[in-house]
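Protein chains get the first letters and strands the later ones, always in sequence-line order, with residue 1 at the start of each.
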Protein chains: 2
Amino acid sequence: MAPSIKDVAERAGVSLGTVSNVLNRPDKVSEATREVVLAAIAELGFVRNSQAAQLRAGTSRSLGLIVLDLANPFFHDIARGIEDVATELGYALVLCNSDEQAAREDRYLQLLEEQRVRGMLITPVGPMSERLDALRRRGTPTVLVDRHDPRVDCCSVAVDDVAGGELAGEHLVGAGHRRIAYVTGPLSLRQCKDRLTGLRRAVAGLDVTIDVIEVPALKARHGYEAARELFDGGGRPTAVFCANDLLALGVLRAAVSTGRRVPEDIALLGYDDIEFAADAAVPLSSVRQPTLHIGRTAARLLVEECDHPESHSHQQIMFRPELVVRESTRVA
Amino acid sequence: MAPSIKDVAERAGVSLGTVSNVLNRPDKVSEATREVVLAAIAELGFVRNSQAAQLRAGTSRSLGLIVLDLANPFFHDIARGIEDVATELGYALVLCNSDEQAAREDRYLQLLEEQRVRGMLITPVGPMSERLDALRRRGTPTVLVDRHDPRVDCCSVAVDDVAGGELAGEHLVGAGHRRIAYVTGPLSLRQCKDRLTGLRRAVAGLDVTIDVIEVPALKARHGYEAARELFDGGGRPTAVFCANDLLALGVLRAAVSTGRRVPEDIALLGYDDIEFAADAAVPLSSVRQPTLHIGRTAARLLVEECDHPESHSHQQIMFRPELVVRESTRVA
DNA sequence: GGTACGTGATGAAACGTTTCAATCATCAGG
DNA sequence: CCTGATGATTGAAACGTTTCATCACGTACC
């Protein structure tokens, strides 16, 4: 159907190899024939079939990325960072959304391996699936994103969540708070647990009380409900630290709707610094993760391994988060 | 490097064609040999090379999707809808982000055509680029998403923005507002203009004043700034309708920070009904677009054209948006 | 005039599948 | 015992590239 190199060759009255040369090493072919061939290409509307090219080459120029949830600004920014670097270095990126479902992850891994992606970036749903391990063993370079598995020998890029919790704790303690609520998603999630660990470490030895409120998911609605309960209860913390910004936005809504002023009546600190944090009704203080940077670094590590497998040595990179102070924790 | 069907055949002691049959029509092969072959596949860790398969087949099972901005929840939900249907119908989806840059769009179109995607879903940056047109002419089925170009003969799925503006107008007028501000992005954007048209249509013949405030982009920050100015100025509208939710969130922040109550002092209505609308400090009324449905419909149209090109006839589908009323426009 | 060399162009092989006509084995019916 | 039919398996061709050894043709040099 679509015109092939052969059709172009016929039309231009040259051999098939010459057309290929025009496409891939134009300097190896004389000015005159090059023009003839290019004209034929234009006339026929020839578009090269990269499947055939890659089949012949035995390797592709595309990378696979599987994230947990593209709707999440955290992953979205990471994907953006990866995409930037990939394009810059001449790789195409195939974006996939596992939706935190192992079955979807599995299907995408299969699909990407069948497509012979050159390398893989992934935030695995579970610890390390059979298929992912097989993929690695078969020789597809792999980088773990937002994960760090000491048992697995490959590159990884993650963020130090303990340090993030510590930053939060120091900030709140420094602002004079002595009773702090930590609203968190399931503590079975490493992130949630690590941030709590950091928070506790920051207040260790000080006369500070921490109330842990665990909710079923990192969604605004749960933050709202947790806060309503908290406000009704007897504890009366003066600050709330949330395991992510969505929870914090929920808490903020609860505060506004019950007439509490933020930060005067209650201080509020989120995590992730999503775009909406700055634009919340009361701009939200938050712990920012260098998402774009994570993505760019992960992509660079992967491409390095793809392009120079022999000289490559695996690296586990851990970024430190950063505190962004806005209205919601400002002291008067 | 990676084991091929040939290696499997050797290992299993059968011919190459038989292995292919085991893979593609297992019923055509006897129980015994099938088992032998499957065992060989497992032992060798064989993964089929879909590039070769598609090359031979002359057509792939993947669809391309190019959107303006994946960070935008609107496009994100559409992509999700498309992905759902695509997977369900046995197609893989290649996600691309044009970032509203014609150059990026162009590059992705080229890439996807080289990969021989079976069909294309796209929200074009500009009117209709040379390359997109060429792609269509060469026979790649194409569906326009959130666009509707009467000059172009292909399927499209869009939303009626005039109707959306009308819904908004009727709602606000019905709530008794007689002076309404419309905070909008550049009116050169069709969406912004159409929504204004609808708004005007809703108040036509009534004693209602509309103040149009045009800002440079559909971002919360601009909504905030516009609102600060608006509050300082003399107009004093009782309601603000925003061309999207981000602007509305900005306006909400301005209101909260200047001590205005929503909706008592000023009513607020957004557009898109993004996830955060419901979780805003004051839950935001909004005009909802059936994004998931748009995506699903677009994908179904495309797959229909891909699978039955002869019986297919192009359709231009226009969805109607829907009003979601929350606190921000609730009348006491 | 012969040799060596450089520049362009050529043609065939190979990549890993799928498909399909051809072959082979088996068996039922006459 | 032969014929046909059925079912399983085979082998070769084809898809569209890239690569590489080969070849044709001048040109420069001795």
Item to check | Contact state string [nucleotides 5-18 of chain D, B base, S sugar-phosphate only, - no protein heavy atom under 4.0 Å] | outcome: ---SSB--BBBBBB
Checklist entry - Are any of the side-chain heavy atoms of A/Asp146 and A/Gln191 separated by less than 4.5 Å? => result yes
Checklist entry - Are a donor atom and an acceptor atom from the side chains of A/Gln51 and B/Gln51 found within less than 3.5 Å of each other? => result no
Next on the checklist: For a quick check under 3.5 Å, do A/Gln289 and A/Asp272 share a side-chain donor-acceptor pair by atom type?
Outcome noted: yes
Next on the checklist: Do A/Glu304 and A/His312 pair up side chain to side chain, a donor and an acceptor below 3.5 Å, judged on atom types alone?
Outcome noted: yes
Item to check | Stepwise salt bridge (charged side-chain N to carboxylate O under 4.0 Å, His left out) test for A/Glu113 and A/Arg131 | outcome: CA-CA 10 Å; A/Glu113 189 168 13; A/Arg131 173 155 267 135; 5.2 Å; no
